[in-house]
Every structure is written in structure tokens, then in C-alpha cells.
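For reference, the structure is listed below as C-alpha cells.
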Amino acid sequence: MSGYKPAAIQTYPVLGEKITQDTLYWNNYKTPVQIKEFGAVSKVDFSPQPPYNYAVTASSRIHIYGRYSQEPIKTFSRFKDTAYCATFRQDGKLLVAGSEDGGVQLFDISGRAPLRQFEGHTKAVHTVDFTADKYHVVSGADDYTVKLWDIPNSKEIVTFKEHSDYVRCGCASKLNPDLFVTGSYDHTVKMFDARTNQSVISVEHGQPVESVLLFPSGGLLASAGGRYVKIWDMLKGGQLLVSLKNHHKTVTCLYLSSSGQRLLSGSLDRKVKVYSTTSYKVVHSFDYAASILSLALAHEDETIVVGMTNGILSVKHRKSEAKKDSFPKRRRPAYRTFIKGKSYMKQRDDILINRPSKKHLELYDRDLKNFRVSKALDRVLEPSCTIKTPEITVSIIKELNRRGVLANALAGRDEKEISRVLNFLIRFAPVLINAAEIIIDIYLPVIGQSPVVDKKFLLLQGLVEKEIDYQRELLETLGMMDMLFATMTRKESTSVLQRSELSWS
């Protein structure tokens, strides 16, 4: 022990997520419950009234779930083809939905058969909503039309034919019963007024519009299409306020939190982004297993429900506040108890006795001390080390290379062990370029015996060649910088000589 110096483990700064109030708020959900539906979940909608059940539209069925139930409490299946966009009325008593055959059906939550059927669209109806007065329904379809229906008389009131492509999304104003907004694949978002029989505002989104959301005040409108989420000021005639591009694939759905302070967007890139409605910056993000088609939040954000393309419904419930212990906690010793005597100053007649602290070597250090280089390398290549503390594995490989025994430690390995070494070197090829070159030289004669190992060798070789190209470019850049600095130094020295000659003259 006295003659051995432990291997120096290089430490790196840990880049952790910045903890904010939004991080604490949106992470305060339980492990998600996953429910398998019959097809892709195209729409999720919560009832605005207690007990806040939610409707899930998938395939040719609409399932009504209780907030904490994993089995549907009611099913509406009176559809000849695919159902779309089941939406609750403001009182939670009625439900309206579109279908692939162009029909719009109105259901009573307490019944099963449709109360009303609105026929008029010639193609699939992908968006429906109730107006603010609760007595009218707005629908948009793939026949490029938007229709307003009267519920008591089951009649069509007006038809708008201003869109030139599929109408795939829409919403009605919560304040004015005559205003509603639709988004189309013709890249436009239009606000219609039932009193004028035409659109009053039209904005160009620039991409096929997948979702629109009117803020509760009615002054702001959010539209989603392509990779963009755009916010429009409707009080200024549809002026663009901000364009957000935080997703890598098409944004499919938008939703507003209960407080109205956070906007959520779901995308085919399997992420849900949470934006602040004041700064419009991403304050949090959720990851999911498949592309997202729909999302909804329960009252007071108690539950997040996300529908995906693979038919999985992900349900997250907010954690309940921890109950306070009824028993008083045992009082621990004060801090001064532990530091008692630390500040004592040695007197003249005192004899100071130092207690030697015993240092223990790590297992890989013991192997290195006894020249068991292969075993030391095996220890740091264990998954528990490469995943949790990869800096130890990198440091030991560098130490073996410094001692000149890395080739001995890497030699004589079977297919499984070589694969484990290659997997790690592929992850850290830029910092372990020497080790990558050594293992390629050692096992070059046996390439071709295992397709798995061959594939990893080719990948590692590509990374090594790329790193060599980077270093060559860096050397060229350094050479150019050296020439520039030398030229500048020469000019400065020349100017100094000229000034000195002038002063002498």
C-alpha cells in the first residue's frame, strides 16, 4: 500500500436540470396508467362538470372513463365507420361527435342511442363543438365546408365554403355564441361570425393546420401545424404575436392549463411541451413512448391524459399531499454537539496524538497494484460502472494506456466481451481514440467471424475516421491562426522600429 498510488479519476461537471417551480409542479404526477384502445386515440375531452369524466375517441367507438377507472363506464358504438372528436357540452350532459361517413351525432350521457343526427356533410367530419349558448353545434369536414346546426330543430342554419382543403380542427368561442374558429389544410385559420355568414378574420399559418385553440378571453388564438405553434392577437385583426418552433415533427394538439398560464402542445415527436403564456418559453417537457395525437387536462390539472398513435392511452394522476406524522419527531443533537472540541488550541505542555486514517483501495486499484490488468478492465466495464460512473471506466482505460498495458488487457477476449468493450468505446470514441485504434489493430485478423462484432467495428472505425478528420481540421485552423499571429507580431515589431528611428532622427 505504501508504494502504490491510486489511479486518478478525472471528474466532470454534472449538467443537471434546473429546478424551477414548473419542474416541481409538472413532475408531481404518479407513474402513468396505460390503457389499450382499439385504434389510434384521435381525441380526448374532459367533462367540465364533476365528476370530470373524460371521453376517448378511438376507432369506431367512444369510451367514457371515470377519472380513476381503467375500464370504460360507458361506450357509444353507434357508428358505421371511424368516429372523430367526441366533445362534451359545457354542462357535461350532452356529447357530440363526427364520423367518417359525414354524419354528426348528438348523445345524451345517460343514454346510448343518439338524440340527434345531423346529415349534410359529404365527407368525414373531423371537428365538432358546442357554441357558448349550448343550443348550436359547429362542424367542419373534409368536404371543405363548415356548418352551424340548430340542436332543437336538428336543422342546418348556415354553411361556410371559404376553405379550399380539408377542415381538420376548430373550436367555438366561450363568450360569444356567434363566433367560432376553424383550421384547414389550406394553411389558413378563419374566424366566422354566424351573423354575417362569412369569415371576419383569416390568418395564414403557413402549414396544414392540425389544431386551433381560442384562449378563454377570446383575445388570443393558438394554431398548430407543421413544427410550428403560432399565437395570434385577434383583437388586432389576427396579428402574429409569436411563432414557436420547439418540436421536431408535426404538432398535432394544443391544450390550455386550468389557470390559463400554461399552454401544452403534443407532437408526433413523442413529446409534450409546456409553454408559459407570458414569455412563450418552454418551461417543461414530457416524453412518451409513441407519437401523440391528443391530450387533455382535468379540472385543476389533476390528471393528464395523452392519446397516442399506437392506441395507448396514458393517464397520469397528481400525487396527493403527504400526510403529516401524528407523532412528534425525536429531537436530534444540536450541531454544536458534533463540532465540540474542533476549535481547541494546543497548549504548550500538551502532547498531540494523530490518529492515522486508514485508506482502502478500490477493487480496480487492487487489481492494478497486483498487475491484473485484464481483471481491472473487466471490473470497470461492468454495467453498474459504465452506466452510473463512466468517468471511472474512461480514467482506467487511459491509465492502462499510459502504462503501456492496454493492448494486453484487451487481448484474448470472446465475442461477448469484445461487444461490451466496443459498446463503451462507441459511446466515448472522441476521448478514447487511442484505445479504439488499439482494439481495431488487435482484432483486425478475426473480422468476418461474427456479424454483430463486425457491425460494431465498422461503426467504431467510422467514428475514429471522423475524429481524425476533426483533428486534421483543427490542426489546419491552428496553422492559419499561427500565421496570422506571426504576421501581426511582425507588423508590430516593424512599427516599433520605425518609431524608434524617427525619434533618433
Side-chain angles (χ1 to χ4, degrees), residues 43 45-55 57 60-64 73-163 167-182 190-200 212 214 216 218:
K43 180 68 182 290
D45 189 57
F46 271 93
S47 172
Q49 301 297 326
Y52 306 112
N53 297 333
Y54 58 93
T57 310
S60 59
R61 301 183 183 186
I62 300 171
H63 287 154
I64 307 296
I73 58 178
K74 183 177 282 292
T75 299
F76 298 102
S77 57
R78 302 291 181 91
F79 294 93
K80 297 177 182 177
D81 208 330
T82 307
Y84 297 111
C85 54
T87 306
F88 281 101
R89 197 168 72 171
Q90 293 88 323
D91 57 7
K93 295 180 179 179
L94 295 182
L95 185 77
V96 66
S99 63
E100 184 70 29
D101 59 9
V104 178
Q105 298 188 35
L106 184 71
F107 297 92
D108 187 343
I109 294 300
S110 59
R112 290 191 178 276
L115 290 177
R116 297 282 189 274
Q117 291 189 2
F118 306 106
E119 302 292 340
H121 287 291
T122 58
K123 292 186 179 180
V125 179
H126 281 268
T127 175
V128 290
D129 198 6
F130 289 95
T131 58
D133 60 7
K134 305 179 185 178
Y135 298 115
H136 299 89
V137 170
V138 181
S139 63
D142 285 354
D143 58 7
Y144 311 165
T145 64
V146 178
K147 294 180 182 290
L148 182 66
W149 308 88
D150 182 63
I151 295 177
N153 298 324
S154 301
K155 291 184 178 180
E156 175 187 322
I157 298 176
V158 63
T159 299
F160 302 91
K161 300 181 180 180
E162 298 188 25
H163 284 295
V167 182
R168 287 295 175 92
C169 55
C171 62
S173 170
K174 303 301 180 186
L175 302 177
N176 192 324
D178 297 309
L179 295 179
F180 46 90
V181 179
T182 58
K190 295 181 183 290
M191 174 175 279
F192 295 96
D193 190 335
R195 296 166 294 189
T196 62
N197 294 336
Q198 63 182 2
S199 64
V200 291
V212 291
L214 199 59

So, does Asn153 use its side chain to make a donor-acceptor pair with the main chain of Lys155 at under 3.5 Å? no

Taking the side chain as every heavy atom from C-beta outward, state whether Phe118 and Val125 have any pair of such atoms under 4.5 Å apart. no

Less than 4.5 Å apart, any side-chain heavy atom of Gln49 and any of Phe88? no

Taking the side chain from Asp143 and the backbone from Thr122, do they hold a donor-acceptor pair closer than 3.5 Å? yes

Sidechain-backbone polar pair: Thr87 side chain, Cys85 backbone, donor-acceptor under 3.5 Å: yes

Give a yes or no on whether the backbone of Gly140 and the side-chain of Thr127 come within a donor-acceptor separation of less than 3.5 Å. no

For the pair Asp101 and Lys80, evaluate salt bridge (charged side-chain N to carboxylate O under 4.0 Å, His left out) and give the outcome as yes or no after the intermediate values. CA-CA 7 Å; Asp101 59 9; Lys80 297 177 182 177; 5.2 Å; no

Of all heavy-atom pairs linking His121 and Ala141, the shortest is ND1-CB, 3.3 Å

Would you indicate whether the side-chain heavy atoms of Asp142 and His126 approach each other to under 4.5 Å? yes

Tell me whether Asp129 contacts the main-chain N or O of Ala172 through its side chain, where contact means a donor paired with an acceptor under 3.5 Å. yes

List the steps, then state whether side chain to side chain contact (heavy atoms under 4.5 Å, CB included) holds for Glu100 with Tyr84. CA-CA 8 Å; Glu100 184 70 29; Tyr84 297 111; 2.4 Å; yes

Judged by atom type as modelled, is there a donor-acceptor pair below 3.5 Å linking the side chain of Arg112 to the main-chain atoms of Thr75? yes

To the nearest 0.5 Å, tell me how far Leu95 CG sits from Asp45 CG. 7.5 Å

Kindly give the heavy-atom pair with the smallest separation between Asn176 and Ala132, and that separation in Å. C-CB, 4.1 Å

When the ring planes of Tyr54 and Phe46 are compared, do they come out parallel, tilted or perpendicular, using 30° and 60° as the limits? tilted

Tell me, with the steps shown, if Ser99 and Asp81 meet side chain to side chain contact (heavy atoms under 4.5 Å, CB included). CA-CA 7 Å; Ser99 63; Asp81 208 330; 5.9 Å; no

What residue among Asp193, Thr131, Asp133, Thr196 forms side-chain contact (heavy atoms from CB on, under 4.5 Å) with Asp178? Asp193

Any chance you could lay out the side chain to side chain contact (heavy atoms under 4.5 Å, CB included) test for Ser139 and Trp149, step after step, and finish with the verdict? CA-CA 8 Å; Ser139 63; Trp149 308 88; 2.8 Å; yes

Do Phe160 and Thr182 pass the side chain to side chain contact (heavy atoms under 4.5 Å, CB included) test, and can you show the C-alpha distance, the side-chain angles, and the key distance before you say yes or no? CA-CA 11 Å; Phe160 302 91; Thr182 58; over 6 Å; no

For Gly120, does its backbone N or O pair with a side-chain atom of Glu156 as donor and acceptor, under 3.5 Å? no

Phe130: partners by ring-ring contact (aromatic ring centres under 6.0 Å, His included), with sequence neighbours left out: none

Distance col, row Leu94:CG vs Ile151:CD1, nearest 0.5 angstrom, shows 6.5 Å

Do Ser154 and Arg116 pair up side chain to side chain, a donor and an acceptor below 3.5 Å, judged on atom types alone? yes

Ile62 and Ala83 have their tightest heavy-atom pair at CG1-CB, 4.4 Å

Output the distance between atom CG (Asn53) and atom CD1 (Ile73), rounded to the nearest 0.5 Å. 4.0 Å

Would you call the rings of Phe192 and His163 parallel, tilted or perpendicular if under 30° counts as parallel and over 60° as perpendicular? perpendicular

What closest approach, in Å, do Ser47 and Tyr52 show between heavy atoms, and which atom pair accounts for it? O-CD2, 3.4 Å

dist Asp150:CG -> Ile157:CD1 (nearest 0.5 Å) comes out at 4.5 Å

Between Thr159 and Lys147: side-chain donor-acceptor atoms closer than 3.5 Å: yes

Considering only heavy atoms from C-beta outward, does the side chain of Lys93 approach that of Ile109 to under 4.5 Å? no

Nearest 0.5 Å please: distance from the CD atom of Gln105 over to the CZ atom of Arg78. 9.5 Å

Heavy-atom side-chain contact between Phe76 and Ile64 under 4.5 Å: yes

Value for CD (Gln117) from CZ (Phe107), rounded to nearest 0.5 Å, stands at 7.5 Å

